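Worksheet: the structure to be examined is printed underneath.
All values reported here derive from a predicted model rather than from experimental measurement.
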Amino acid sequence: MGWTHYWEREKEIPAEEFEKAVNDCELLFSKMNVPLAGPQSEAEPVFSPEAMMFNGVQGQDCEIFSMKRIEEPRRPGAAVLSYCKTEKLPYDVCVRAALVIMKHYLGDHLQVMSDGKMKDWKDAVNICILHLGLGDKFNLSSKKKRGNIYF
């Protein structure tokens, strides 16, 4: 089992909030010294009004961080549950920062859980505060059990 971050959200994220969050992520990542690639660990990360997707570069990659403005839940009427296993590779800090930024814009409409504790998120939170002036109120949600999987 690897190092994983989880989130729960509604099917549709308002366009304005999603675009602001994606733009902040793109700006922040351009200031960080973390090599990022596109979803298949090649090409460039995706930052668009409809989706944000990135991974570590080949050799430092694991699972794709993918958040789309509109995502279908696994079951009709349920919340959208997602996760990204990073195995603490260098791009992990970008995954955590992206979730801090998304939580800032979505508030209670996004629940963020993690294999880590808040102390493991301090660097991502501090980077967001330093470069974007946001994230100082970020807190992880309590893990919830769904079947035999904790979210």
Side-chain angles (χ1 to χ4, degrees), residues 1-74 79-107 109-136 138-141 143 146 149-151:
M1 185 160 167
W3 184 254
T4 307
H5 309 296
Y6 313 85
W7 58 97
E8 180 177 336
R9 51 162 279 202
E10 297 171 1
K11 173 183 173 178
E12 187 170 340
I13 298 172
E16 185 177 342
E17 282 82 358
F18 188 78
E19 188 168 0
K20 285 178 184 178
V22 169
N23 289 341
D24 278 357
C25 287
E26 186 173 22
L27 174 65
L28 179 63
F29 299 166
S30 72
K31 296 178 180 200
M32 296 170 64
N33 190 22
V34 177
L36 292 178
Q40 304 306 318
S41 305
E42 299 172 350
E44 296 297 315
V46 174
F47 298 102
S48 79
E50 295 301 319
M52 175 170 52
M53 295 182 283
F54 60 88
N55 202 336
V57 296
Q58 281 189 330
Q60 296 181 333
D61 59 326
C62 192
E63 292 182 351
I64 301 162
F65 176 88
S66 175
M67 189 173 292
K68 297 177 181 171
R69 192 177 79 73
I70 300 172
E71 293 189 46
E72 290 297 324
R74 293 184 179 110
V80 175
L81 301 172
S82 298
Y83 62 91
C84 181
K85 183 188 312 183
T86 65
E87 296 185 1
K88 294 186 180 181
L89 290 162
Y91 82 107
D92 177 74
V93 70
C94 295
V95 170
R96 288 180 286 125
L99 290 169
V100 169
I101 292 166
M102 284 291 177
K103 179 73 175 168
H104 170 80
Y105 285 104
L106 299 178
H109 299 285
L110 176 73
Q111 303 304 312
V112 179
M113 290 75 61
S114 177
D115 287 346
K117 306 218 180 299
M118 263 314 291
K119 66 182 176 79
D120 301 308
W121 285 68
K122 287 288 186 195
D123 58 342
V125 169
N126 288 338
I127 289 167
C128 291
I129 293 169
L130 176 67
H131 293 286
L132 301 172
L134 56 87
D136 57 322
F138 177 81
N139 271 308
L140 290 171
S141 301
K143 285 192 175 185
R146 297 196 183 268
I149 299 173
Y150 284 90
F151 284 95

Under the 3.5 angstrom rule, does the side chain of D61 hit a backbone N or O of Q58 as a donor-acceptor pair? no

For D92 and H5: C-alpha separation, side-chain torsions, deciding distance, then whether side chain to side chain contact (heavy atoms under 4.5 Å, CB included) applies. CA-CA 9 Å; D92 177 74; H5 309 296; 2.6 Å; yes

Atom pair NZ/OG1 of K88 and T4 - distance to nearest 0.5 Å: 11.0 Å

Where is the tightest heavy-atom contact between L106 and P14, given as atom of each residue plus distance? CD2-CD, 4.5 Å

When rounded to the nearest 0.5 angstrom, what distance separates CH2 in W7 from SG in C84? 5.5 Å

Taking side chain as C-beta onward, heavy atoms only, is H109 less than 4.5 Å from E17? no

Applying side chain to side chain contact (heavy atoms under 4.5 Å, CB included), can you list everything that pairs with D136, at least two apart in sequence or on another chain? I129

Salt bridge (charged side-chain N to carboxylate O under 4.0 Å, His left out): pairs with one or both residues in residues 22-39, sequence neighbours excluded: none

Would you sort out whether L81 and Y6 count as a side chain to side chain contact (heavy atoms under 4.5 Å, CB included), showing the intermediate values? CA-CA 7 Å; L81 301 172; Y6 313 85; over 6 Å; no

How long is the gap from CG on L27 to NE2 on H131, to the nearest 0.5 Å? 9.0 Å

Pairing residues for F54 by the ring pair (Phe, Tyr, Trp, His ring centres under 6.0 Å) criterion, not counting sequence neighbours: F29, F65

Closest approach of C128 and L28, non-hydrogen atoms and distance? SG-CD2, 3.9 Å

Below 3.5 Å, can you tabulate the donor-acceptor pairs from side chains in residues 97-104 to any protein atom, sequence neighbours excluded?
unit_1	atom_1	unit_2	atom_2	d
K103	NZ	G107	O	2.9
K103	NZ	L110	O	2.6

Rounding to 0.5 Å, atoms CD (E87) and CH2 (W3) come to a distance of 12.0 Å

When every non-hydrogen atom of R74 is compared with those of Y83, the smallest separation belongs to NH2-CE2, 4.2 Å

Could you grab the distance from atom NZ of K11 to atom CD of E72, nearest 0.5 Å is fine? 4.0 Å

How many angstroms lie between atom NZ of K68 and atom CE of M53, to the nearest 0.5 angstrom? 5.5 Å

Return the minimal non-hydrogen interatomic distance between S66 and E71, and the atom names on each side. O-OE2, 4.2 Å

Would you mind reporting whether S114 and D120 have side-chain heavy atoms less than 4.5 Å apart? no

Suppose we screen for side chain to side chain contact (heavy atoms under 4.5 Å, CB included). Which residues come up paired with A15, at least two apart in sequence or across chains? R69

Minimum heavy-atom separation for P39 and I64, please, with both atom names. O-CG1, 3.0 Å

By ring pair (Phe, Tyr, Trp, His ring centres under 6.0 Å) - contacts of Y105 (at least two apart): none

I'd like to know whether M32 forms a side chain to side chain contact (heavy atoms under 4.5 Å, CB included) with I127, so could you lay out the CA-CA distance, the side-chain angles of the two residues, the decisive distance to 0.1 Å, and finally the verdict. CA-CA 9 Å; M32 296 170 64; I127 289 167; 4.0 Å; yes

Quick check: closest heavy atoms across S41 and A37, and the distance to 0.1 Å? C-CB, 3.5 Å

Hey, does the side chain of Q60 reach the backbone of V57 with a donor-acceptor pair shorter than 3.5 angstrom? no

Decide, yes or no, whether a salt bridge links D115 with K85 under the criterion of side-chain N to carboxylate O below 4.0 Å. no

Chi angles and distances behind the side chain to side chain contact (heavy atoms under 4.5 Å, CB included) call for L140, K117: CA-CA 8 Å; L140 290 171; K117 306 218 180 299; 5.5 Å; no

